[in-house]
Structure formats: C-alpha cells, structure tokens
Amino acid sequence: QVQLVESGGGLVQAGGSLRLSCAASGRTFSSYSVGWFRQAPGKEREFVAAIRWSGRGTVYADSVKGRFTISRDNAKNTVYLQMNSLKPEDTAVYYCAAEYRAIHSTPGSYDYWGQGTQVTVSS
C-alpha cells in the first residue's frame, strides 16, 4: 500500500516557477515509479512526466519538455516536479501517482493516486 500527498501548488504569474512535491508513505516506495498528471476543468486527465523507480529514466509530455523537471529522493520518499516558465495553459489540478516498477504515460496503469494540488498561472 502506498499513500501519496501532493503539495506546493498555488497561484503564479506566467513565466514564474513552482515546485510540486509528492510525499509517499510505505516502506517499498523506492520500488514504485511515479508519474505526474494534470486535469484542467472540462478536460481529461493528461500525462505530464514520470520517473522510474530507480530514478534512472524519465519521460515528459511534449508540452512540458524543457520547462519541467521530475526528480526523486527515495531517502525522503518524495518525488518533485520543478515547473519553470509556466504558462496559463499549465493551469490545472496536478496529481501524482505510483505504479510498481514499470513506467507509463497512461493514467490507467497507475495503482495509487494522491488528492491533487491546484496550480493556477495568471497571464
């Protein structure tokens, strides 16, 4: 069992930065790959980035490549999403999710989800 709690969301102007954190409970968290997803009002949940359980291997959506960076600290049971050069279209609720070992970009592949944190980017 893995429980996830996101934090770090907020209101920021376009061009600004935020760092989201995904804190996990569970002794085997280091065996789980973690993905970040986002969902804007009226839209489907979409993939943002993912990091392999070992930390060696990351995947990004084209829309965030070069602006967002995913990382993890297994000693702290935490995964981070550094978001730079934010745009109004990045506004959404951001969720982290975990799946055992494998890394995917589809929401249905993930077993555990956090409650989400709101990110709002003003123009």
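These numbers were taken from a predicted model, which means no experiment stands behind them.
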### Message
Under 4.5 Å between side-chain heavy atoms, counting indirect links through other Ile/Leu/Val/Met/Phe/Trp/Tyr residues: same cluster for Val93 and Val64 or not?
### Response
no

### Query
Any donor and acceptor pair, going by atom type alone, linking the side chain of Thr78 with main-chain N or O of Asp73 inside 3.5 Å?
no

### Query
With a 4.5 Å heavy-atom cut-off, do Met83 and Trp36 have their side chains touching?
no

### Query
How many angstroms lie between OG1 in Thr91 and CD in Gln118, if you round to the nearest 0.5 Å?
7.5 Å

### Ring-face cation contact, Tyr32 with Arg72, 6.0 Å cut, 45° max
no

### Message
Side-chain heavy atoms nearer than 4.5 Å, only ILVMFWY residues, links allowed to pass through others: does that put Val79 and Phe68 together?
### Response
yes

#### Entry: Ala97 to Leu4 - nearest heavy-atom pair and separation
CA-CD1, 3.7 Å

### Task
Answer whether the closest heavy-atom distance between the side chains of Arg38 and Glu46 falls below 4.5 Å.
yes

### Task
Find out if a path of hydrophobic residues (ILVMFWY) with successive side-chain heavy-atom gaps under 4.5 Å connects Leu11 to Leu18.
no

### Query
Is it true that atom CD of Gln3 has more than 12 heavy atoms of other residues, nucleotides or ligands lying nearer than 6.0 Å?
no

### Task
Please check if the side chain of Ser33 supplies one atom and the backbone of Arg101 the other of a donor-acceptor pair under 3.5 Å.
yes

### Summary
In short, Trp113 meets Pro107 closest at the heavy-atom pair CZ2-O, 3.4 Å

### Message
Testing Phe47, Tyr94, Tyr95 one by one against Phe37 for a ring-ring contact (aromatic ring centres under 6.0 Å, His included), which residue passes?
### Response
Phe47

### Task
Provide the closest heavy-atom pair for Ser109 versus Thr106 in the form atom of the first, atom of the second, distance.
OG-OG1, 2.7 Å

### Task
Answer yes or no: is there a donor N or O on one side and an acceptor on the other, between the side chain of Gln115 and the main chain of Glu6, under 3.5 Å?
no

### Message
I need the minimum non-hydrogen distance between Tyr112 and Val2, along with the two atoms involved.
### Response
CD2-O, 3.3 Å

### Query
What is the distance from atom CG of Asp111 to atom CD of Gln1, rounded to the nearest 0.5 Å?
10.0 Å

#### Entry: Validation row: Val119, Leu20 side chains within 4.5 angstrom (heavy atoms)
yes

### Query
Do Phe29 and Leu81 share a hydrophobic cluster, counting only Ile, Leu, Val, Met, Phe, Trp and Tyr and linking them when any side-chain heavy atoms are less than 4.5 Å apart?
yes

### Task
Look at atom CZ of Arg56 and say whether more than 12 heavy atoms of other residues, nucleotides or ligands are closer to it than 6.0 Å.
no

### Query
Do Asp90 and Lys87 sit within salt-bridge range, that is, some charged N less than 4.0 Å from a carboxylate O?
no

#### Entry: Side-chain donor/acceptor of Tyr60 to backbone N/O of Ile70, under 3.5 Å
yes

### Query
Side chains of Gln13 and Leu86: does their closest heavy-atom pair fall under 4.5 Å?
no

### Contact summary for Val34 and Cys96, nearest pair of heavy atoms
CG1-CB, 4.4 Å

### Query
Are the side chain of Tyr80 and the backbone N or O of Thr69 linked by a donor-acceptor pair below 3.5 Å?
no

